[in-house]
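What follows is a single structure, written as structure tokens, with notes after it.
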Amino acid sequence: MQKKINNLNQEVFDFFQPINKWPETYSDNLSSVGGTLWHNIYGMDIETEGLNPYDNRFRIISVATSPKPYYSFGSYTLNGFTDDFEFNLFKGLVENPDNILVGHNIKYDINWIRIKFGIDVKCMLFDTMFAQYLIDENIESNSLAELTKMFPDLKGYKDDVNRDDLKRMAKDDVLIYNCKDADASRRLYDYFVPKLKTGGYSGLMTTASMVLPILSKMETRGVYLDKEYANKTQSKLFKEMVQLRYDMVEVAKVSFDPDSYKSLGNVLYNKMGFTATKFTPSGTASTDSEAIGYLVDQAISEQQSQFIDKILDYKKKLKLITTYYQPIERWTRYDGRVHTNYSLGKQRNEESSGGTVTGRLSSNNPNLQNIPRGKEHRGMFRASEGFILLDGDFSQLELRVAAYLSQEPVMMDAFNNGLDIHTAVMADLTKVPYDELVAKLKDDNHKDYETLKNDRVAIKRINFGILYGVQAKRLQRLLRIELGISYDLDYCKELINQWLNKYGKIREWINAQKIQAVANGYVAMPLGQRRRLPQASFDKTKEAAHALAQATNFPVQSLASWICLIGLIILDNYFEEHKDKIDGHIVMQVHDSVTSEIKLLNPNIFTDNSFIHISNQMQLEDIQEDVSKIMEQDTLQYIRDVFGVNINVPLVFETKISERWS
DNA sequence: CTCATAGGCGCG
DNA sequence: AAAGCGCGCCTATGAG
């Protein structure tokens, strides 16, 4: 374990402590304000020529660091640092694991530094925007301009400067502006730290500060996309779409545009005589897949039902082409790789958007968290030359978290005994012994095989649905979409009721969450994050209902998400620790899954006093085992150490090795 | 022409 | 159909 992780045991969060280790004094000239570097906390900000650091046309204009409030130092770097002293000072600052760099949306700045200066970033990153998010995720704007309004001397300094101006502004003006930004973030640090402490957010802030550099590494490394692989799937899809288009017009007997929902609605509901059963919020007949799927029941001929199938097939393929295949050219950067941007914490301002209210990451430019499942699509993402992918995901993480949060004994038993949770719930509800059910679900000759399979899907649906606050009506609809079976509404009600009776602690927990949301106006999860829900009430309004659903879902999604983020920290640390044996890099994260690319290094052979040492080469299986242990156990140990929270439900993290993502 | 909104759908 | 949670991003559409 690296020092920075171990240290958390003693003093989880002492960003206050000054360290006397930078005696250098900056000279006092136009581009710097005198001051002695004596803290290990630096405000930081950069100005750039554009927004996209992966674009070769854009350079870093200037860099500013603030060693303490009201002091900052700027370097005009448009054509590189003016001297080695400045560069090395800056490099030393960023590469020192004892340092904390403070900035507003600081990962953005750090990415530029990594890409343009080739500096590795080893310090922690304190993001003032994230700090503000922990304190209030609902705030209308968390821009730097907004937050600095609290400092009278900085009021309005950003008002008349926009990005385009920076390229034309005089050097000194840029530097002053840049220095003010750095100073502002350094001051915000002092403003936020006590607030974070009293709010109980210290552990999460520290964790986030360790996650951000890892996200930066993941993003700047990027992931290799095999365009030839994608092209094959794309042209296959394209051919099929042309054929489908032709077939559909043939049946409809009238030319129409399936890409246009208006035209499609007109054909279905006016020309072909179908009756709409689903409507959009504005009251027009819906043309989404669900609505069209229902029309099968109304089909009066084989041709009509085939038309339904074809339009659904076409819509599916259209989505794949337009959202995933055509944009590929835009996704890949000059290095031929895909660099997403992960956001931690909801960003609400003009300059950046993204993030989530729960603590999950979001991914954009491009979004790598909604790539269609299946090797045919995901397979376009593959390991770099000489590497292989190590892909893993948590099994039923959110259900395990729900079991923990409610301390539901029956469900905890199932997890403790390593049962398949969906089958276990089914066994509980149908009172058929678990082992017997497993056997029946395996035996496709069994007379009840189909029914049982369907029932398991229904159970699975409830298991997830409960966490989201599903009602009988919605469950009925979902089962109809998923299984094509129309269950009786009362049966669905009964199913949900039975479920909640069987797992009574979960029912109690759900009710408690709702009551807390209404009573306090917020709910909290065990690591301290809160979800403020001012709309929460027992009124029969949709806003109130939404708030209550969030009250039950938030702790589950949030805790699950932090477990995974902590996993990133420890996994990255593991690769760092074993870099003599493994060249390993995390490349992607999708909520409960982590993908890395790894390369086994040759055995390290060296001589010492005429002895020959050969360090053991690791095997892939060893690494898989280590990674599973990290995600299943080390994450929970971290949570015990840092948060004093004991998650007493076992986690399962399954890994696989492959060449391509799947 | 640009811009915001609506409808829709991919993922966990 | 904000009575199922959390996202990002596509095109069509219509207003200005």
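What you see below is based on every heavy atom in this structure, not just the backbone, and it leaves out hydrogens, waters and symmetry mates. Chain A is the first sequence line, chain B the second, and so forth, proteins listed ahead of strands; every chain is numbered from 1.
- Remark: P of B:dG12 and CG of A:L361 are 15 Å apart, rounded to the nearest angstrom.
- Within 4.0 Å of A:S282, counting heavy atoms only, lie sugar-phosphate atoms of the nucleic acid but no base atom.
- Between the base of B:dC9 and the side chain of A:K319 there is a donor-acceptor pair shorter than 3.5 Å.
- Checked by distance alone, A:R360 brings a side-chain donor or acceptor within 3.5 Å of a matching partner on the base of B:dG12.
- The shortest distance between the side-chain N/O atoms of A:T358 and the OP1/OP2 oxygens of C:dC5 is not below 4.0 Å.
- Checking side-chain atoms of A:T207 against main-chain N and O of A:G203 turns up a donor-acceptor pair under 3.5 Å.
- Taking atom CD1 of A:I321 as the reference point, atom P of C:dT11 lies 12 Å away to the nearest angstrom.
- To the nearest 0.5 Å, atoms CE (A:M129) and CD (A:Q347) are separated by 5.0 Å.
- Looking at A:N367, its side chain has no donor and acceptor atom pair within 3.5 Å of the base of C:dG8.
- Residue A:K278 is the one, among A:K278 and A:Q557, whose nearest nucleotide of DNA chain C lies closer to the 5' end (criterion: closest heavy atom).
- A donor-acceptor pair is defined here as one N or O able to donate and one able to accept, closer than 3.5 Å; such a pair exists between the side chain of A:N138 and the backbone of A:R532.
- Using a 30° and 60° split on the angle between ring planes, A:F653 and A:F394 fall in the perpendicular class, above 60°.
- Backbone-only contact: A:F279 has heavy atoms under 4.0 Å from sugar-phosphate atoms and none from a base.
- Using a 4.0 Å cut-off, no side-chain N or O of A:T323 falls inside it from OP1 or OP2 of B:dG10.
- Across B:dA6 and C:dA1, the matching P atoms stand 12 Å from one another, rounded to whole Å.
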